[in-house]
Amino acid sequence: MDLKHTAHLKGTISVPGDKSISHRAIMFGAISEGTTEITNFLQGADCLSTISCFREMGISIENRAGRVTVHGKGLHGLQKPGKMLDAGNSGTTTRLISGILAGQPFSSELNGDASIQKRPMKRILTPLSAMGANVQSIKNNGCAPLAFSPAPLHGISYPSPVASAQVKSCILLAGLYADGTTSVTEPRLSRNHTELMLSAFGAEITADGTTVSILPQPRLTGLSVTVPGDISSAAYFIAAGLLVKDAEILIQNVGINPTRDGILKIACAMGGRIEKLNERTVSGEPVCDLLVTSSPLHGTTVGGDVIPSLIDEIPIIAVLAAFAEGTTVIQDAAELKVKESDRIFTTTDNLRRMGAAVQPTADGMIIEGNPDALHGTDFESYGDHRIAMSFAVAALAIQDNCTMRNAECVRISYPDFYDELAGLSV
Ligand code: S3P
């Protein structure tokens, strides 16, 4: 795909619904009694994978452009799937559904695409096994495909070695089916959408610092969920608004949950002019509109507790750093290696392609900002939606033309991304 330089970017945009919240609304609706109506559902390939897994387990789900109705069958209403469940490219689907499958009275198998089959599942197999689950990596390599057989689950207190909302949520969902309290303690607080939404569906769930506990549950009840716009998708427009010379973009309806808003903190620390307007609460989640204006940026350090709140935004933060004055250090982010691609490699590779001075490290990267050194290039998305979108934004601010290989992978989380970005160029 050809990508062109842009000097002006103006307009108003609403990014699609939050991916993490869309997945959870389908899953929790499916195991609740009654109907769950979801508005502003993300129609990305990952969330469609979650829908197809639950349809395969007998849940009727109507999907009409942005509005989804889940006819839940309660905690014990899922049916044995007729075939292996397919999570596609989605880590959230794979890890969260595993918590539910571990508690079912039927056997099942779960797989995904080539990228999913390389992603670490030991991080969920270990705590699920400690709960008594009968779950195996079929190839015995700690990865999908996974096989589940019925087994009684026991509550555990699990100190998770990683700050991962997918691991935390997997264990909490299994905890719904256990015989006592289940607790997870994380090294750093990860996104808390599961805690907020499961509680609204009627679960007894409490959070204390980085520990979350859940009680086994007799019933969950369906409800209406309005999904806020995804801050991880807004991040590309925030960056475009900051980097393009003459830009002013209003991004409407963005979720700004404090466990997700690290991109705002870091972009502002780099000198970005971002105004929060019209702050409100939607379905228990904080939301606002963001007004972003072109800004000269300087380097910063990104590490510590902020990392889980911006883990998916590190590739676009690295792009901002390449255009900033001075050095940016990204650290404590070894999790980048086990995302849809190894994002330490795929980010630094693309930064180098465009002429940036960058040094990969074991848990991040060090970027020496120098906008004058940047030039047109052929980017490679490595099939990773967030790499494709990050470097499509970089291309806007590079003087020469660029290309992107495998650009279509944005369908995972943002099918209309390129059209919407082009719509803002004036
Ligand atoms: C997600 C959690 C994060 C994030 C992913 C979505 C979720 O993964 O990277 O895109 O919906 O819980 P980890 O929890 O494994 O860090």
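For Arg405, the CZ atom is loosely surrounded, since the number of other residues' heavy atoms within 6.0 Å does not exceed 12.
For the salt bridge (charged side-chain N to carboxylate O under 4.0 Å, His left out) condition, the pairs that include at least one residue of residues 21-50, sequence neighbours left out, are Lys19-Asp46, Glu33-Arg219, Glu37-Arg67. Pairs engaging residues 320-332 under the side-chain hydrogen bond (donor to acceptor under 3.5 Å, both in side chains) rule: Thr327-Glu368 [sequence neighbours left out]. Judged as a side-chain hydrogen bond (donor to acceptor under 3.5 Å, both in side chains), the pairs with a partner in residues 408-422 (not counting sequence neighbours) are, in order, His385-Ser413, Tyr414-Glu420. Sequence neighbours left out, the pairs with a member in residues 154-164 that pass side-chain hydrogen bond (donor to acceptor under 3.5 Å, both in side chains) are His154-Asp179.
A donor-acceptor pair is defined here as one N or O able to donate and one able to accept, closer than 3.5 Å; such a pair exists between the side chain of Ser137 and the backbone of Asn141.
Residues passing the salt bridge (charged side-chain N to carboxylate O under 4.0 Å, His left out) test with Lys265, sequence neighbours excluded: Asp261. Evaluation of the salt bridge (charged side-chain N to carboxylate O under 4.0 Å, His left out) rule for Asp246 yields Lys10 as partners, not counting sequence neighbours.
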Worked verdict on Ile51 versus Arg55 for side-chain contact (heavy atoms from CB on, under 4.5 Å): CA-CA 6 Å; Ile51 290 187; Arg55 282 185 175 148; 3.6 Å; yes
Run the salt bridge (charged side-chain N to carboxylate O under 4.0 Å, His left out) test on Asp312 and Arg260 for me, step by step, so that the C-alpha distance in whole Å, both residues' side-chain angles and the decisive distance to 0.1 Å come before the verdict. CA-CA 9 Å; Asp312 291 340; Arg260 293 286 301 283; 5.7 Å; no
Full working for side-chain contact (heavy atoms from CB on, under 4.5 Å) between Lys245 and Ser294: CA-CA 6 Å; Lys245 245 206 189 103; Ser294 336; 5.9 Å; no
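Between Phe345 and Tyr382, the ring-plane angle classifies as perpendicular under the 30° and 60° cut-offs.
Between Leu42 and Gly17, the closest heavy-atom pair is CB-O, 3.3 Å.
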